[in-house]
Amino acid sequence: MELVANNKVVGGWHKRYRHASQTTDCEMTFAIFLPDIASSGKKVPVLYWLSGLTCTDENFMQKAGAFKAANALGIAIVAPDTSPRGELIPDDNEKSYDFGLGAGFYLNATQPPFDKHYQMYDYIVKELPEIIESHFPVTTQRAISGHSMGGHGALTLGLKNSDRYTSISAFSPIVHPTRCPWGIKAFTGYLGNDKSQWEDHDAVLLMQNKQYTTARPVLVSQGSADNFLDEQLQPWHLQKAAKAHNYPLQFEQHEGYDHSYFFIASFIDQHLAFHAKYFA
Ligand SMILES: N[C@@H](CCC(=O)N[C@@H](CSC=O)C(=O)NCC(=O)O)C(=O)O
């Protein structure tokens with residue numbers, strides 16, 4: 001692994017690494033925040049943060065304002081990239097913001113030419129934790145959170161891997177990607193036209209079909225002034241599924257907040273405290 005940035009912050013450390021990924025068959029970059037107690041060798045639990053469309057590992061680390069609370073709670077945060085990248089990595093022909101580079105949707109693509117590198121599900125669930133747990137002073141306690149496309153990733157990866165993540169949270173998540181334009185475009189391109197292959201990547205359907213071993217606690221925060229609310233996010237579908245199946249979903253709507261990192265910065269401390277409760 002190559003260290004590409006190293007910054008002391010609130011007593012802890014923000015670090016960026018580049019490494020060769022076997023899963024995505026290209027170089028990947030991730031960032032990690034290590035709280036100050038990790039410097040003394042104490043192992044700390046990890047929150048995996050999945051960012052949204054157009055993001056890299058840098059958006060969350062630079063804009064969310066999460067370090068003070070994470071340091072006080074003794075939680076490490078890992079922020080991966082949102083897709084494979086590089087000159088040889090296929091993008092969509094229009095180079096649009098919602099498919100291809102910066103828009104991996106946290107699934108394993110099955111359709112050429114994307115299937116060779118766009119294996120973000122396996123990268124986040126398997127390869128990255130192995131790297132983190134073998135190189136840094138962390139425990140195997142993990143939680144998962146994310147924003148928008150990353151909220152979809154946190155919900156679907158968290159529900160499908162309830163043995164791996166003790167709690168799940170999301171800001172402004174895409175909850176029903178099989179029924180919204182962002183999701184339909186991505187799933188068609190990465191998974192093909194057979195819609196039965198899409199169901200495994202839709203948080204509402206996973207909840208409806210009870211495709212989880214343990215019902216891990218979920219916190220979802222949504223701003224009422226989010227310009228993507230009605231067309232793309234539609235959180236009421238998740239609320240309905242959770243209610244119908246008695247799933248422990250804590251849903252909070254916040255008046256006046258939009259889709260931006262200003263919203264995330266306003267409530268990230270609450271999300272970190274939520275996850276800290278479930279780390280034994
Ligand atoms: N057209 C916009 C849309 C991109 C955008 O809003 N991206 C969000 C995530 S949206 C869902 O996944 C984001 O987090 N942007 C980065 C940021 O730092 O705010 C555009 O191209 O910007």
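Just so it is clear, the structure is predicted and the values come from calculations on it, not from any experiment. Each ligand, and each atom within it, is numbered from 1 in the order the structure gives.
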Going by side-chain hydrogen bond (donor to acceptor under 3.5 Å, both in side chains), name the pairs with one or both residues in residues 3-13, residues two or more places apart or in two chains. N6-K15, N7-H14

Region of L53 engaging ligand 1 - heavy atom pairs below 4.0 Å: both

Look only at the side chain of D269 and the backbone of A69, and say whether a donor-acceptor pair between them is shorter than 3.5 Å. no

Among all the protein's non-hydrogen atoms, which is closest to atom 14 (O) of ligand 1, and how far away is it? C55 SG, 3.3 Å

Validation row, ring centre H19 to ring centre F30 under 6.0 Å: yes

To which protein heavy atom is atom 3 (C) of ligand 1 closest, and what is the distance rounded to 0.1 Å? Y97 CE1, 3.5 Å

Numbered in order shown, the ligand 1 atoms found under 4.0 Å of a heavy atom of M149 are 11 (C), 12 (O)

Tell me which protein heavy atom sits closest to atom 19 (O) of ligand 1, plus the residue, atom name and distance to 0.1 Å. K63 NZ, 3.6 Å

If you link ILVMFWY side chains whenever their heavy atoms are less than 4.5 Å apart, which other residues fall into the same cluster as W236? By chain and number, please. L229

For Y257 and F267, I'd like to know if the aromatic rings sit close, meaning centre-to-centre distance below 6.0 Å. yes

In the protein, what heavy atom is nearest to atom 11 (C) of ligand 1, and what distance, to one decimal place, separates them? S148 OG, 2.3 Å

Does ligand 1 have any atom that is closer than 4.0 Å to a heavy atom of S260? no

Indicate yes or no: does E58 engage R16 in a salt bridge with an N to O separation below 4.0 Å. yes

Closest protein heavy atom (residue, atom, distance) for atom 21 (O) of ligand 1: T54 CG2, 3.7 Å

Please state which protein non-hydrogen atom is closest to atom 6 (O) of ligand 1 and give its distance, to 0.1 Å? F228 CE1, 3.9 Å

